[in-house]
Amino acid sequence: MPLLVYENGNVRKAGIIDMLEAAKALLLLIPIGKVTSYKELALALGVNPRLVGKLMKMNDEAPIIPCHRVVRSNGEIGGYSAVGGVDFKRKLLELEGVKFKNKRKINRNSFISLRELTIN
DNA sequence: CATCGAACCAACC
DNA sequence: GGTTGGTTCGATG
């Protein structure tokens, strides 16, 4: 299901910029110490997970808008193209209290589903 | 669990 | 039209 946008009286399919704004809004809901996955965002936005990566890359306000809290659904850290690279991403997450099982993987219980954030 | 190939889809060239 | 990602999935060991 593609994301739709209501704009001066009619409905159209969301463009990449619309999705970027929507993604940013969702990112701001993720609490410190928690992460979500590209997949979850993808489901919420109705796009391919790889496109979510592209969106995160377009976020020029990292790490204020916390795209570093988006990781792979299998627990691996994923990428980070903003300054500092993946090492900085890991550092941020550790600093925020995200628990790592080991160097590669994040604990299951550090994940929060977008449903928990957008409902109630 | 780890690895591998294929599917994904909009951007970019 | 082919390649490329901040990925995922299913199959296989």
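The nucleotide whose nearest atom lies closest to any side-chain atom of K54(A) is, among dA2(B), dC8(B), dA11(B), dA11(B). Side-chain proximity of R50(A) to the nucleotides dG6(C), dA7(B), dT8(C) is greatest for dA7(B). The I16(A) side chain lies nearest to dA11(B) when the options are dA11(B), dT8(C), dC1(B). If you check dC9(C), dG6(C), dC8(B) against the side chain of N48(A), the one that comes closest is dC8(B).
Atom CG in L20(A) sits about 16 Å away from atom P in dA10(B), given to the nearest Å. The interatomic distance linking N59(A) (CG) with dG6(C) (C1') rounds to 12 Å, in whole Å.
Classified by interplanar angle (parallel below 30°, tilted 30° to 60°, perpendicular above 60°), the ring pair H68(A)/Y80(A) is perpendicular.
Nucleotide dT3(B): paired with dA11(C) (Watson-Crick or G-U wobble, both distances less than 3.5 Å). As the counterpart of dG6(C), no nucleotide is assigned, since no Watson-Crick or G-U wobble pattern has both distances under 3.5 Å.
Among the protein residues, L55(A) comes within range of no part of the nucleic acid, since none of its heavy atoms lies under 4.0 Å from any strand. As judged by a 4.0 angstrom heavy-atom cut-off over every strand, S73(A) is placed among residues touching the sugar-phosphate backbone only. Nucleic acid contact class of V86(A) (heavy atoms, under 4.0 Å, all strands): none.
For the OP1/OP2 pair of dA10(B) and a distance below 4.0 Å, the side-chain nitrogens and oxygens of K13(A) include no atom meeting the criterion.
Looking only at distances, a side-chain donor or acceptor of S110(A) sits under 3.5 Å from a matching main-chain atom of K99(A). D18(A) places a side-chain N or O within 3.5 Å of a backbone atom of G15(A) that can act as its donor or acceptor partner. Of the possible donor and acceptor atoms, one in the side chain of R69(A) sits under 3.5 Å from a partner among the backbone N and O of I30(A).
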